[in-house]
Amino acid sequence: MRYFLNLFSPETYVSFSNSNRDRSGFRLKQKNMAAKVQTGDRFVCYLTKVSRWVGIFEVESTSFIDTTPIFFEKDDPFVVRFQVKPLVAVNCPGWLCG
């Protein structure tokens with residue numbers, strides 16, 4: 001099992017929190033890194049701009065391309081996706097998620 005960093009901005013963490021919370025995504029330019037991630041690895045999740053650790057996800061699939069909007073309603077750049085299972089996930093706080 002290996003660990004990889006998964007960064008969220010406040011905006012993308014709100015979107016993730018409002019989704020099924022079963023997919024995480026990376027930019028297309030990170031496709032080579034994504035190819036190294038295997039089922040059973042862990043994503044350690046960090047919330048930028050507010051400097052908080054927000055979760056640990058177990059990777060449940062190899063990477064795949066999916067353009068279905070999750071993180072942004074239009075032109076979502078995080079299309080290199082993984083099926084994930086949150087092992088630890090901080091609830092999106094009211095000051096962030098409203």
Side-chain angles (χ1 to χ4, degrees):
M1 169 188 345
R2 295 177 299 170
Y3 293 85
F4 294 88
L5 186 60
N6 191 352
L7 298 176
F8 288 90
S9 68
E11 296 81 15
T12 59
Y13 195 66
V14 168
S15 296
F16 176 79
S17 295
N18 291 330
S19 75
N20 291 335
R21 300 173 67 176
D22 63 353
R23 291 190 181 190
S24 192
F26 295 84
R27 294 181 185 274
L28 197 54
K29 68 181 180 181
Q30 295 172 301
K31 189 176 179 181
N32 289 337
M33 177 283 301
K36 298 175 185 176
V37 178
Q38 300 174 4
T39 301
D41 287 344
R42 304 284 196 263
F43 288 142
V44 180
C45 306
Y46 187 76
L47 184 58
T48 63
K49 299 182 184 177
V50 293
S51 305
R52 301 246 197 299
W53 295 103
V54 291
I56 299 174
F57 301 164
E58 180 178 355
V59 177
E60 295 190 316
S61 73
T62 56
S63 64
F64 58 94
I65 302 296
D66 179 9
T67 59
T68 305
I70 295 175
F71 302 100
F72 290 97
E73 289 182 23
K74 186 175 180 184
D75 299 323
D76 190 338
F78 304 104
V79 297
V80 179
R81 306 249 172 100
F82 293 89
Q83 285 290 130
V84 296
K85 176 174 70 175
L87 301 176
V88 176
V90 175
N91 288 333
C92 194
W95 58 265
L96 181 60
C97 292

Side chains of V90 and W53: closer than 4.5 Å at any heavy-atom pair? no
Heavy-atom donor-acceptor pair, R42 side chain to G40 backbone, under 3.5 Å: yes
What do the steps show when you test K49 against L47 for side-chain contact (heavy atoms from CB on, under 4.5 Å), and what is the final call? CA-CA 7 Å; K49 299 182 184 177; L47 184 58; over 6 Å; no
To the nearest 0.5 Å, what is the distance between CZ on F82 and OG on S61? 7.0 Å
Quick one: are F16 and R21 in side-chain contact, heavy atoms under 4.5 Å? yes
Which atom names give the shortest non-hydrogen contact between K36 and D41, and what distance separates them? O-OD2, 4.1 Å
Walk me through whether V80 and I65 qualify under side-chain contact (heavy atoms from CB on, under 4.5 Å). CA-CA 5 Å; V80 179; I65 302 296; 3.8 Å; yes
Return the CG to OH distance between N18 and Y13, rounded to the nearest 0.5 Å. 11.0 Å
Do F4 and L28 sit in one hydrophobic cluster, given that two such residues count as connected whenever their side-chain heavy atoms are within less than 4.5 Å of each other, even indirectly? yes
Using side-chain heavy atoms (C-beta onward) and a distance below 4.5 Å, is I70 in contact with R81? yes
Please report the closest heavy-atom contact between F8 and S24, naming both atoms and the distance. CZ-OG, 4.1 Å
Residue pair R23 / F78, side-chain heavy-atom distance below 4.5 Å: no
How many angstroms lie between CD in Q30 and CE in M33, if you round to the nearest 0.5 Å? 5.0 Å
Taking all atoms of both residues into account, what is the closest heavy-atom pair of P77 and F72, and its distance? CD-CD1, 3.5 Å
Tell me, with the steps shown, if F43 and F57 meet ring pair (Phe, Tyr, Trp, His ring centres under 6.0 Å). CA-CA 5 Å; F43 288 142; F57 301 164; 7.2 Å; no
Supply the atom-to-atom distance T39 OG1 to E60 CD, rounded to the nearest 0.5 angstrom. 8.5 Å
Any side-chain heavy atom of L7 within less than 4.5 Å of one from C45? no
Contact between Q38 and V59 at the side-chain level, heavy atoms closer than 4.5 Å - yes or no? no
Tell me whether F71 shares a hydrophobic cluster with V14, the cluster being built from Ile, Leu, Val, Met, Phe, Trp, Tyr side chains joined at under 4.5 Å. yes
Audit row: L5, Y46, side-chain contact (heavy atoms from CB on, under 4.5 Å) steps and yes/no: CA-CA 7 Å; L5 186 60; Y46 187 76; 4.1 Å; yes
